[in-house]
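Below: the structure, in structure tokens.
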Amino acid sequence: LLTNMTIYPVKNNQSGESNSFSFKKDTILVSGNCTDPVMVNQFMNGLKIISDFREVAVRNYQYRKDKETGVFTIEIITK
């Protein structure tokens with residue numbers, strides 16, 4: 001189940017300036033949850049064959065035993 005998609009997400013602010021924002025150009029973050037990590041892998045493999053995507057990678061995966069669900073974030077870099 002996909003729960004969130006962010007296009008050009010905000011970069012982490014390293015300068016300490018709270019008024020300044022910069023964005024990750026050519027980046028899409030997709031988040032969701034699923035009961036089977038194989039499904040995340042299959043979804044990622046499907047994204048990798050899209051010619052407009054330069055890189056597709058899991059940036060975070062955490063299994064929540066209490067809910068028997070994995071929560072994931074995939075980062076997609078476009079061409």
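- Closest heavy-atom contact between Y61 and P37: OH-CB, 3.7 Å.
- Here the shortest heavy-atom pairing between C34 and D36 reads SG-O, 3.2 Å.
- The shortest heavy-atom contact between T3 and G32 is OG1-CA, 3.5 Å.
- A 4.5 Å side-chain heavy-atom check between V71 and R64 finds at least one atom pair inside the cut-off.
- Taking the side chain as every heavy atom from C-beta outward, D26 and T78 approach each other to under 4.5 Å.
- Counting heavy atoms from C-beta outward, V30 and L2 have side chains that approach closer than 4.5 Å.
- Residues Y63 and T35 have side chains not in contact (no heavy-atom distance under 4.5 Å, counting atoms from C-beta outward).
- Counting only heavy atoms from C-beta outward, the side chains of I28 and M5 approach each other to under 4.5 Å.
- Taking hydrophobic clusters as Ile, Leu, Val, Met, Phe, Trp and Tyr residues chained together by side-chain heavy-atom distances below 4.5 Å, I49 does not share a cluster with F53.
- For K48 and E55, the salt-bridge test fails: no basic side-chain N is under 4.0 Å from an acidic carboxylate O.
- Heavy atoms only, all atoms of each residue included: F72 and N33 are closest at CE2-N, 3.5 Å.
- Clustering ILVMFWY residues whenever any of their side-chain heavy atoms sit less than 4.5 angstrom apart, transitively, puts V56 in the very cluster that holds V58.
- I77 contributes atom CD1, which lies 6.0 Å from atom CZ of R54 (distance to the nearest 0.5 angstrom).
- Annotation for K11 and F23: closest pair CE-O, 3.4 Å, computed over non-hydrogen atoms.
- Interatomic distance, K24 NZ to L29 CG, rounded to the nearest 0.5 Å: 6.0 Å.
- Within the 4.5 Å cutoff, side-chain heavy atoms of E75 are placed close to those of T27.
- Between I74 and F43, the shortest heavy-atom contact is CD1-CD2, 3.7 Å.
- By the rule that hydrophobic residues join a cluster once side-chain heavy atoms approach within less than 4.5 Å of another member, M39 and I76 end up as members of separate clusters.
- The line from CD of Q42 to CG of N45 is 8.0 Å long, rounded to the nearest 0.5 Å.
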